[in-house]
Amino acid sequence: MKRWLNRPAGAHWGEFGPDDQVGRMNLITPERRIQALAEAREGKVFILGLPLDYPRGQIFASRNGPSLQATTAADGRAMYDWTVSVGIDVINDDRVTMDLQYSTQWDALSHYGICFDADDDGIAEHIFYNGYRADDDFVQPAKGTSPRAKALGIENLAATGVQGRGVLVDIRNSGQGATGLVGYDALMHAIKTQGAQVEEGDFLCLYTGYADLLLRDGDSVKQEQLSACPGLDGSDKALLQWIDKSRLAAICADNPMVEKIDGIEHCKETAMLPLHEHCLVKLGIHLGELWWFGAIAPWLAAHQRAHFLLTAPPLNLPGAVGSPVTPVATV
Ligand code: UVW
């Protein structure tokens, strides 16, 4: 069912059908997956995620890391070091509470929307990829009611398997000026000089060095050093156009937002996070954040490679708007 009359400029809503909920993940066909498998030549694996209790310290004021609790109850007590009345069994069960977007994560297409008049009634709705709406397609949190994405939830991404070709591009030294913004020219230069190719259905992985600092310095990581790491310049129209035309499937970075917004001027009429708007809302490109490339990057560079097999399914957690992930690269 088509759910919009107007779509934002540059949006491709409808390209994969009126009810599509995975956007450019559709471009990873069985043929492309088989090509990606050919990048696994040595059978060596790299984990591209942080331990989920990183970042340490209070980097993000509003997001909380995992807390493990032994709260599954059996026989009136926590099921931890729990023995059954018959047999020699000793059993531990536990539970975790954490903000799903705290550490290495996928943003679902339900994570981010914009205010836009898609039904042409003169009033802007809160609208998401392919015209899904905050009022119709989400359960909003209320007393006694848990929030839930009825459309575009992370389970849709999980159902694709999230497997294809990863392309690592090191942009640690590509940022322009004090803000470290990486626009089209700088990204193209990095891609070219590193022998990388970004093709239809690829996962573009951007190495900024941010997660290396989180791992290295833990609680004592310095905000100024984190802020000096580069990120994509979502205000660069040429960059946005290239992302569209390249037909890449997803972008994954080792920083918290993929894009940087320092030094960019904003007005009330435009998105504060223009790359999020372009990717998550207009094109259906999932974003991976706070990944970690500190181990794979030197290996790829030493072997003059930029490509690998990537397998990175999120939790299959229906209704969630994001998910922790432990991505695996096979080279
Ligand atoms: C926001 O901060 C809005 O989102 P993200 O986690 O995708 O950077």
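Numbering of ligands and ligand atoms starts at 1, following listing order.
- Taking 4.0 Å as the cut-off, Asp107 counts as a neighbour of ligand 1 on heavy-atom distance.
- Under a 4.0 angstrom heavy-atom cut-off, Leu280 registers as lying outside contact with ligand 1.
- The backbone N or O of Gly57 sits less than 3.5 Å from a side-chain atom of Asp219, completing a donor-acceptor pair.
- Scored by the salt bridge (charged side-chain N to carboxylate O under 4.0 Å, His left out) test, Arg133 finds Asp119, Asp135, Asp136 as partners (sequence neighbours excluded).
- Residues Glu125 and Asp117 are in side-chain contact: their nearest non-hydrogen atoms beyond the backbone lie under 4.5 Å apart.
- At a heavy-atom cutoff of 4.0 Å, ligand 1 is contacted by no atom of Val258, backbone or side chain.
- In terms of the salt bridge (charged side-chain N to carboxylate O under 4.0 Å, His left out) criterion, residue partners of Arg56 (sequence neighbours excluded) are, by chain and number, Asp53.
- Taking atom 5 (P) of ligand 1 as the reference point, the nearest protein heavy-atom neighbour is Glu289 OE1, 3.2 Å.
- The number of heavy atoms from other shown groups lying within 6.0 Å of CG (Asp120) is above 12.
- Nearest-residue assignment for atom 1 (C) of ligand 1 (options His111, Glu259, Gln101, Gln105; heavy-atom criterion): His111.
- Here the straight-line distance linking atom OH of Tyr207 with atom CG of Asp170 works out to 6.5 Å at 0.5 Å rounding.
- Of all atoms in ligand 1, numbered sequentially from 1 with element shown, those under 4.0 Å from a heavy atom of Arg63 are 1 (C), 2 (O), 4 (O), 6 (O).
- Atoms of ligand 1 found under 4.0 Å from any heavy atom of Pro256, numbered from 1 in the order shown, are 8 (O).
- Close approach to Leu273 involves these atoms of ligand 1, each under 4.0 Å from a residue heavy atom: 3 (C).
- For Phe128 and Phe138, the ring centers are positioned less than 6.0 Å apart.
- Under a 4.0 Å criterion applied to the non-hydrogen atoms of His276, ligand 1 contributes the atoms 4 (O), 5 (P), 7 (O), 8 (O).
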